[in-house]
**Q** 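Encoded as C-alpha cells, here's the structure I'll be asking about.
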Amino acid sequence: MRLSQYPIANLKEVPAEAEVISHQLMLRAGLIRRLSAGQYTWLPMGLRVLRKVETIVREEMDRAGALEILMPTTQPAELWMESGRWGQFGPELLRFKDRHQREYVYGPTHEEVVTDLARRELHSYRQLPVNFYQIQLKFRDEVRPRFGVMRAREFLMKDAYSFHLDEACLQRGYAAMYRAYTAIFTRMGLTFRAVQADTGSIGGTGSQEFHVLADSGEDAIAFSDGDDYAANVEKAEAMAPATPRGPATRPVTDIDTPRTKTIETLTALLACTAATVLKTLVVDGEDGQLVALCLRGDHELNAIKAQKLPGVANPLHLAAPERILEVIGCEPGFIGPVGLAARGVKVFADHSAAALADFVCGANRKDVHLSGVNWGRDLPEPIITDLRNVVDGDPSPTGTGQLRLVRGIEVGHIFQLGQKYSATMKATVLDDQGKDAVPFMGCYGIGVTRVVAAAIEQNHDERGIVWPEPIAPYQVVVVPLNAARSPRVSEVAEKLYAQLQAAGVEVLIDDRDARPGVKFADAELWGIPHRVVVAERGLEAGTLEYRHRRASDNEAMPLEGALAFLQERIGR
RNA sequence: CGGGGCGUGGCGCAGUCUGGUAGCGCAUCUGCUUUGGGAGCAGAGGGUCGUAGGUUCAAAUCCUAUCGCCCCGACCA
C-alpha cells in the first residue's frame, strides 16, 4: 500500500478516553475508532492485524479437525428459555423484539444455537465426535466496558463446540483443543501461559484459560517454579502451613485500640506483623444468617472460593454494617470470631488462620481487640478450609516448588461442559446399541479482538507498537527520503516496492511528501517489523539502510540483492 | 447499580468561580522557504460551547432537567 493514498492520520496526542497503553496506541496508530461505549470500528491498518489473528486461529482449528460454520448473531429467545439461561442471564444479555413482538437476543455466546443444530443434524454415534466452530461477533452488555477493545461490548470471538459420545472422548477432544490453542498463540509470537481456571457459571468439570502475560493484565496467575502447575489466582489452591499450630502460651487480654479499624493501623499500634493478626470478614449467608470468614491479617479473601462454601450466599456479598451491628453488636473494624458461634454465626477459617496461636483479633466491642486468643481454648475450632488468594512464595499445591505470581490477559478459555446443554435441550444420538445417548460437550473460546490488544500490551515501547511478526499489518515499510529532490531515490524505492510486492511480501511504501522524522515516527508507531530507508546518502555507496523494529541501530544492506536480504530477514 | 469526573472546531485543552456575544496548541487548506528524527514564516477555513427548558437587557458561564463519555468499586464465558 502507498501511504500517500492512505487517508487515516496518526495522532500525536492521546485521546482523553484511553487509559491503557494498548487502547492509546490503537487510537493513535489509527487501528480503531470508537463508535460508542464498548463499540469500535476497525480501520484498515487494524483490520489487517485482526484478520491475521483470525487466519491463524482458523488454520489451526482446521488443522485440529474442527469444522467452521457461521451462526446468526441474533437468536430467538425460545432457545434461551429452553436452556434456562433466559432467566439466569442478567442485563448483560441484550434482548429485543422483532416486528411481531417475538423476543430475540443478540448472542453473547452460542451454546443454545449450536446445540439446536446438533439435535437437528446429529442422530448417530457414527457422526461423533465433531467440533463446530465459528468466528463471529458477540455482544455482551457489560456493566462497564473499558480498555478499548480489551473489554468491549461488541467483540469478535472464535467459539467452538465439540460433541462426544462419552467422557473419555471429550477428554481427547479437549486435549486436542489444548494443543491447538498452544499452537495458535505460539504461532502468533506471544508469550502466554495455560492455567487451571474456575469454571464460573458455565459449569462443567475441567477448564483452562490461556493468558497472554503482561504486567497490565487484569488477572493474576500463579505458577510453580518447580513443575508445570499453573492456575488463575481465583482457582489456585492455598495449602495449609507446613508448621502446625503452636501451643497456647498466653491468656486472653483486652487491648484498647481506639479508632483502629484496619489491619494496617492495628499492626502499627501494636508493633506486630500482620501475619500474627486474625482478620474476620462477615458476609451474607444463604438463609439470611451471617457467616464469618477468618483470614490471617496479611492474606486476602478469595471471593470465588468463599462463595462456594456451604451456607454462604452466591454471589458473595459483604454483610451490611447495620446487620453486623444488629447480630454481633459491634461495627466492622473490631469483629473477631470469639463468641460468634453463640450468636448463630458460622465461622470458617483459612488454613493459615486456623494455624495461628496466641493471636490478635477483634473483641466484638468498639475500640477493643483481644490478644492471646487460641482456637479450641477460647472459642470452638472453626471450619477449616481454603479461603485466601495464594501469595508469591506459597508452596505449590503439587508439592514441588513455590508459587510465583504474574499478571495475564485472558485470551482463551477451554471448557469441558459435559451434558448440561445436550441434556436440557434433548440433543441425543443413538449409540451402538440403538439407545438414546446424551453427548458430552466441550466449548472453546478465543477473544480474537482481545488478542490484538493483548499483543500490544505485551509488545510496545515508548515509540509505539512492536508487533510480533506473524500478526503485523505489514512486514516491510520502504521509506524514501527526500524523493522529491532525487529521482534516483524515488526510482530505487519504487523498484524495491514492486519487487517486494511481486515476491508476495506485505509491504508499505511511505511515498508521502513528508519529512524524514514524520515517516520514522509513523513507521515506529505502527510497529512495522522491517524498515528500509532509501536515501541519496546510501545510494552513493550502493547501499540501503535496514532496521528491525526491535533494533536500535541501522544496518547497511546492499542495493543489489535487497530483495533476498529482506526475504532472509523476514524468514521466508 | 453506588462513588467521582468530564462534555467548548477533527484531536488535546483554556475560558465557567466573578454573565458582556469564544480562544490557544496540534491537525487541515494555500503560498514561499526547508528536507536524516514529528520544520519555519505568512495567510485561510472550520465551533448555534452535548441537548432542552428557565433566569437576565445579555448565558459557554447562573438554575432545572436530560443525554453521552471516562475513571474507581461491585459485577463479569
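Below, each value reflects all heavy atoms present in this structure, side chains not excepted, and no hydrogens, waters or symmetry copies. The chains referred to below are lettered A, B, ... by the order of the sequence lines, with proteins before strands, and numbering in each begins at 1.
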**Q** Looking at A/Arg153 and A/Asp141, is there a salt bridge between them, counting it only when a charged N and a carboxylate O are closer than 4.0 Å?
**A**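 Yes, charged N to carboxylate O under 4.0 Å.
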
**Q** Where along nucleotides 1-6 of chain B does protein come under 4.0 Å, by heavy atom, of base (B) or sugar-phosphate alone (S), with - for untouched nucleotides?
**A** B-----

**Q** Parallel under 30°, tilted from 30 to 60°, perpendicular over 60°: which one fits the rings of A/Tyr444 and A/Tyr174?
**A**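 A/Tyr444 and A/Tyr174: tilted rings.
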
**Q** With A/Glu462, which residues qualify under side-chain hydrogen bond (donor to acceptor under 3.5 Å, both in side chains), at least two apart?
**A**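 Per chain and number, A/Glu462 pairs via side-chain hydrogen bond (donor to acceptor under 3.5 Å, both in side chains) with no residue.
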
**Q** Of the nucleotides B/rG38, B/rG37, B/rC69, which one has an atom closest to the side chain of A/Lys12?
**A**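 Nearest to the side chain of A/Lys12 among the choices is B/rG38.
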
**Q** Taking atom C1' in both B/rU16 and B/rC11, compute the distance separating them and give it to the nearest angstrom.
**A**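 Between the two C1' atoms, the distance is 22 Å.
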
**Q** Can you tell me the base-pairing partner of B/rA52? Count Watson-Crick or G-U wobble geometry only, both distances below 3.5 Å, and say none if there is no partner.
**A**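 Its partner is B/rU64.
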
**Q** Please tell me which of the listed nucleotides, B/rC71, B/rG36, B/rG37, lies nearest to the side chain of A/Arg146?
**A**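 Out of B/rC71, B/rG36, B/rG37, the nucleotide with an atom closest to A/Arg146's side chain is B/rC71.
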
**Q** Now, which nucleotide makes the Watson-Crick or G-U wobble pair with B/rA58, with each of the two distances under 3.5 Å?
**A**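 Partner of B/rA58: none found under 3.5 Å.
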
**Q** If the threshold is 4.0 Å, N to carboxylate O, is there a salt bridge linking A/Glu82 and A/Arg119?
**A**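 Between A/Arg119 and A/Glu82 there is a salt bridge, with a charged N closer than 4.0 Å to a carboxylate O.
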
**Q** For A/Asp553 and B/rG37, give me the distance from atom CG to atom C1', rounded to whole Å.
**A**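 After rounding, the gap between these two atoms is 14 Å.
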
**Q** Nucleotides 30-35 of chain B: which of its N/O atoms have a protein N/O under 3.5 Å away?
**A**
residue: B/rU34; atom: O2; partner: A/Arg515; partner atom: NH1; Å: 2.8
residue: B/rU35; atom: O2'; partner: A/Asn482; partner atom: OD1; Å: 2.3
residue: B/rU35; atom: O2'; partner: A/Asn482; partner atom: ND2; Å: 2.3
residue: B/rU35; atom: O2; partner: A/Asn482; partner atom: OD1; Å: 3.1

**Q** Could you check which of B/rA74, B/rG36, B/rC69 has an atom nearest any side-chain atom of A/Ala37?
**A**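 The closest nucleotide is B/rC69.
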
**Q** Between B/rC57 and B/rU66, how far apart are the C1' atoms? Round to whole Å, please.
**A**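 These two C1' atoms come out 29 Å apart once rounded.
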
**Q** What is the distance, rounded to the nearest whole Å, between atom CG of A/Asp141 and atom P of B/rC75?
**A**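 A/Asp141 atom CG is separated from B/rC75 atom P by 18 Å.
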
**Q** To the nearest Å, give me how far apart CZ (A/Phe520) and P (B/rG38) are.
**A**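 Nearest whole value for this atom pair: 10 Å.
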
**Q** Check nucleotides 11-16 of chain B against the protein and report each pair of N or O atoms closer than 3.5 Å, with its distance, or say if there are none.
**A**
residue: B/rG12; atom: OP1; partner: A/Ala16; partner atom: N; Å: 2.9

**Q** Contact class for A/Glu410 (heavy atom, under 4.0 Å): base, sugar-phosphate, or nothing?
**A**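 The answer is nothing, as A/Glu410 stays clear of every strand by at least 4.0 Å.
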
**Q** Whether the side chain of A/Arg28 and the base of B/rG38 hold a donor-acceptor pair under 3.5 Å is what I'd like checked.
**A**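 By the distance-only test, yes, there is a pair.
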
**Q** Could you tell me how far apart A/Asn10 (CG) and B/rG37 (C1') are, to the nearest whole angstrom?
**A**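 Those two atoms, CG and C1', are 15 Å apart.
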
**Q** Sub-3.5 Å donor-acceptor pair from the side chain of A/His110 to the main-chain atoms of A/Thr73, do we have one?
**A**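 No.
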
**Q** Please tell me which of A/Lys138 and A/Ala18 maps to the more 5' nucleotide of RNA chain B, matching each residue to the nucleotide holding its nearest heavy atom.
**A**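 Of the two residues, A/Ala18 wins.
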
**Q** Considering every strand shown, what is the Watson-Crick or G-U wobble mate of B/rG9 when both distances are under 3.5 Å?
**A**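 For B/rG9, the partner nucleotide comes out as none, under the 3.5 Å rule.
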
**Q** Once you apply the 3.5 Å cut-off to both distances, tell me the Watson-Crick or G-U wobble partner of B/rA39, or none.
**A**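 Partner of B/rA39: B/rU33.
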
**Q** Under a 3.5 Å cut-off for both contacts, is B/rA44 paired Watson-Crick or G-U wobble with anything, and if yes, with which nucleotide?
**A**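 Pair assignment: B/rA44 / B/rU28.
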
**Q** Applying salt bridge (charged side-chain N to carboxylate O under 4.0 Å, His left out), name anything that partners A/Arg95, two or more places apart in sequence or on another chain.
**A**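 Residues passing salt bridge (charged side-chain N to carboxylate O under 4.0 Å, His left out) with A/Arg95: none at all.
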
**Q** Are A/Lys495 and A/Glu491 within salt-bridge range, i.e. N to O under 4.0 Å?
**A**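 Judged by the 4.0 Å cut-off on N to carboxylate O distance, A/Lys495 and A/Glu491 do not form a salt bridge.
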
**Q** Rounded to the nearest angstrom, tell me the gap between atom CE in A/Met150 and atom P in B/rC76.
**A**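 Nearest whole value for this atom pair: 20 Å.
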
**Q** Under 6.0 Å from the ring centre and within 45 degrees of the ring axis: does the NZ or CZ of A/Arg85 meet both conditions for the six-membered ring of A/Tyr421?
**A**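 No, A/Arg85 does not sit over the ring of A/Tyr421.
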
**Q** Tell me: CG of A/Leu35 to C1' of B/rG68, nearest whole Å?
**A**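 Distance check: A/Leu35 CG to B/rG68 C1' gives 13 Å.
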
**Q** For B/rA74, what is the paired nucleotide under Watson-Crick or G-U wobble rules, both distances under 3.5 Å?
**A**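 None - no nucleotide pairs with B/rA74, as no candidate has both distances under 3.5 Å.
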
**Q** Show your reasoning for whether ring-ring contact (aromatic ring centres under 6.0 Å, His included) applies to A/His530 and A/Phe565.
**A** CA-CA 11 Å; A/His530 306 276; A/Phe565 179 97; 9.4 Å; no

**Q** Tell me if a side-chain donor or acceptor on A/Lys305 pairs with a main-chain N or O of A/Arg388 at a distance below 3.5 Å.
**A**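 Yes, because the side chain of A/Lys305 sits within donor-acceptor range (under 3.5 Å) of the backbone of A/Arg388.
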
**Q** Kindly state each residue pair satisfying ring-ring contact (aromatic ring centres under 6.0 Å, His included) with at least one member in residues 132-158 of chain A, sequence neighbours excluded.
**A**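 Sorted result for residues 132-158 of chain A: A/Tyr106-A/Phe139.
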
**Q** Between B/rA74 atom P and A/Leu281 atom CG, what is the distance in whole Å?
**A**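 Value for this atom pair: 13 Å.
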
**Q** For A/Pro145 and for A/Ala521, find the nucleotide of RNA chain B with the closest heavy atom, then tell me which residue's nucleotide is more 5'.
**A**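 Checking each residue's closest nucleotide, the 5'-ward one belongs to A/Ala521.
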
**Q** What is the distance from CG of A/Asp219 to P of B/rC76, rounded to the nearest Å?
**A**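 Between P of B/rC76 and CG of A/Asp219: 13 Å.
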
**Q** Determine yes or no for a side-chain-to-main-chain donor-acceptor pair under 3.5 angstrom, with A/Lys519 supplying the side chain and A/Asp510 the backbone.
**A**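 At least one qualifying donor-acceptor pair exists.
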
**Q** Could you tell me the Watson-Crick or G-U partner of B/rA14, where both distances fall under 3.5 Å? Say none if there is no partner.
**A**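 Per the H-bond distance test, none.
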
**Q** For B/rG19, which nucleotide in any strand shown is its Watson-Crick or wobble partner with both distances under 3.5 Å?
**A**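 Across any shown strand, B/rG19 pairs with none.
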
**Q** Quick one: sort the A/His23 and A/Tyr40 rings into parallel, tilted or perpendicular, breaks at 30° and 60°.
**A**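 Perpendicular, since the angle between the ring planes exceeds 60°.
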
